[in-house]
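Lettering follows sequence order; numbering is per chain, from 1.
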Amino acid sequence: MKIKINKISKAFQSGSKDMLVLDKIEFQIKEGEFLTIFGPNGCGKTTLLNIIAGLEQPTQGSIELNTSKEETKVGFVFQSYQESLFPWKSVKGNIELALESRLRNRKERERISESYLKEVGLLNFANKYPYQLSGGMKQLVAIGRAFAYEPHFFLMDEPFSALDYDNRIMMEEKLLDLWTKHKKTVIFVSHDIDEAVFLSDKIVILSKRPAKVKAIIDVNLKRPRSIETRLENRFFEIKKKVLRIFKEEIK
Amino acid sequence: MNLHHKLLSLIPILLIIIFWHLVVFSGLVNSFLLPPPKDVFLKIVELIVTWTIIFDIIATLIRTGLGFIGGIVIGVPLGVVMGYYKKIYALFEFLVDFLRSLPATALFPLFLLFFGIGDEAKIAMTIFMSSLIILVNTMYGVKNRNKTREMIAKTMKIEGFQLFRKVTINEAKPYLFAGLRVSISLSFIVVIVAEMFIGSSVGLGYKIFNALIVYKISEMYSVIILTGLVGYLINRLIVYTERRQIPWMGF
């Protein structure tokens, strides 16, 4: 899925005044690309994501997709692992629920959900309930579920931000494995430079509120990436580049 | 809870019986008004082996059951509607909070007026009380449903009635069960109080009150203890159902 973000502006009413949150945001995502939106906390990243998903309407501007709005399927992964899964469904049931809209056959749903569980390495937990899983595992199931839904593209809103560092490194690699295999466009939101550099093809840096596009940085690190990638000089160079632009925003 | 813990829970009961025994035998209280535990327990055995209490238990259970089920039938749908629609909530919030603050048993005259002195009045009074408790809990369950999960379901194209059936009901279940637990215990109490004061010829409340009037004090205490046991078993039943219905809460 190719996505074009066309001068998106968003203002919220705050008292009698309009408060501008997004200011003419413009960028493009190529088919199969991994793009990260990076910006200071509270700059409106989530609002932008919701607009791309069609959950909120922009005040100005438009999103261009190459499918009609009704048929576009978005694979959403949210930030909080406590809220990402349906607690009354088993791990398997959570994935099957995402398949219900496109697959009538229950057996088929079971088969597909198991194959995705195998991919994320949680087949042994198929019949467990979310409360029996760790935070990282829950997010892994949520990601598996999003992939099983076979969306046109993914929107991931800081899915790993609440995890420990080691868990996070592991999860980022698993996500890249899945992405490499399925070749789907991903728009990922992060406020962690390491994460943004490690995962992406392209980083869009936003300014603080009202958010504008400060810079778009190409991450030309070779793939597949692993923990070794994080030790390469190129990795540090890109990180420096991002931080140099970003530091004006945290002053 | 393991066997060891279950045995521990018997210790305070034993202590109370010993205390009761000592109080009576030391002459601190009139043994006519508080008979020794031995007399009461022999009476319990007698009531059970002669089957005289069985019909009272059954009558009380049927009234409790009807009042409780009536409460579900009325309370759940109204609670769902009030939880979903803010306007309807605003319209009835005060009325519901007012009505549930009234002790149902104080409304005797009103129920007698409308339903006569038969079983109808007792059951109607129980329904009045239980439906309000169930309504309020269902309402909070629906109102406090997790909005992130609702959004996730919507991104998976689960909408309209499907959203209600597959998601909202389950979101509300823990609240609903909390309401059921409270309302079944209170239904039992309301029925017993009603049996005491609204003419009846069978039922645990009638038995207690009748024994008091004719000064069969041992019998009165033995029926009270049996009533407590029945109430306890009702509560166990609902807890058991709850654990089977919402195992995902991780009790």
Side-chain angles (χ1 to χ4, degrees), chain A residues 46 49-50 52-56 69-103 109 127-133 138-139 141-143 145-157 159, chain B residues 1-2 72 76-77 79-80 83-84 86 134 137-181 238-251:
Chain A
T46 301
L49 220 55
N50 287 345
I52 299 172
L55 297 169
E56 280 182 57
K69 222 181 153 191
E70 290 72 41
E71 65 181 36
T72 309
K73 297 201 305 180
V74 185
F76 232 120
V77 184
F78 289 89
Q79 181 174 15
S80 155
Y81 60 78
Q82 272 145 344
E83 301 176 307
S84 58
L85 300 180
F86 299 104
W88 58 88
K89 289 268 183 198
S90 65
V91 164
K92 212 169 81 180
N94 260 282
I95 298 183
E96 283 165 24
L97 193 67
L99 301 170
E100 278 180 23
S101 64
R102 72 175 166 98
L103 285 173
R109 286 203 297 264
N127 294 314
K128 293 267 189 274
Y129 283 111
Y131 82 90
Q132 295 166 304
L133 307 184
K138 283 181 202 166
Q139 285 305 66
V141 176
I143 288 169
R145 184 178 63 188
F147 274 90
Y149 183 56
E150 294 191 351
H152 293 94
F153 64 95
F154 291 94
L155 294 174
M156 303 192 181
D157 189 1
Chain B
M1 206 159 68
N2 56 34
I72 295 175
V76 171
V80 167
Y84 249 121
K86 289 205 173 76
I134 294 170
N137 278 274
T138 311
M139 180 184 83
Y140 281 123
V142 173
K143 234 169 118 74
N144 296 340
R145 65 194 186 274
N146 186 298
K147 299 292 172 352
T148 305
R149 284 196 288 266
E150 188 168 274
M151 196 140 88
I152 293 172
K154 282 181 182 163
T155 66
M156 295 182 200
K157 307 245 191 269
I158 300 171
E159 283 153 339
F161 182 68
Q162 293 301 318
L163 184 68
F164 175 72
R165 195 174 67 83
K166 289 175 184 168
V167 181
T168 314
I169 286 184
N170 291 298
E171 291 280 351
K173 262 188 189 172
Y175 285 86
L176 174 65
F177 270 97
L180 295 184
R181 229 183 310 133
I238 203 98
V239 169
Y240 173 77
T241 318
E242 185 175 7
R243 287 183 188 186
R244 289 193 48 130
Q245 282 292 311
I246 46 175
W248 44 270
M249 285 295 285
F251 293 108

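Only the side chain of B/N146 has a heavy atom closer than 4.5 Å to any heavy atom of chain A. Contacts of A/R102 with chain B are absent, with no heavy-atom separation under 4.5 Å from either backbone or side chain. Proximity to chain B involves both the backbone and the side chain of A/A98, based on heavy atoms less than 4.5 angstrom apart. Looking at A/F86, the atoms closer than 4.5 Å to chain B (heavy atoms on both sides) sit in the backbone and in the side chain alike. Of the two parts of A/L97, the backbone and the side chain both hold a non-hydrogen atom closer than 4.5 Å to a non-hydrogen atom of chain B. In this structure, chain A has no heavy atom under 4.5 Å from any part of B/I246. Heavy atoms of B/P247 lying under 4.5 Å from chain A belong to its backbone as well as its side chain. Proximity to chain A involves both the backbone and the side chain of B/K166, based on heavy atoms less than 4.5 angstrom apart.
Residues A/Y131 and B/M249 form no side-chain contact, since every pair of their non-hydrogen atoms from C-beta on lies 4.5 Å or further apart. Residues A/F76 and B/M151 have side chains not in contact (no heavy-atom distance under 4.5 Å, counting atoms from C-beta outward).
Applying the 6.0 Å contact sphere to NZ of B/K86 captures no more than 12 heavy atoms from other residues, nucleotides or ligands. Other residues, nucleotides and ligands contribute at most 12 non-hydrogen atoms within 6.0 Å of the NZ atom of A/K128. The 12-atom threshold is exceeded at NZ of A/K73, counting heavy atoms of other residues, nucleotides or ligands nearer than 6.0 Å.
Closest approach of B/K157 to A/T72, counting heavy atoms only: NZ-O, 3.0 Å. Scanning both residues, B/R149 and A/Q82, for their nearest heavy atoms gives NH1-O, 3.7 Å.
Interatomic distance, A/E83 CD to B/I152 CD1, rounded to the nearest 0.5 Å: 8.0 Å.
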Does the side chain to side chain contact (heavy atoms under 4.5 Å, CB included) test come out yes or no for A/E100 and B/Q162, once each step is laid out?
-> CA-CA 11 Å; A/E100 278 180 23; B/Q162 293 301 318; 5.6 Å; no

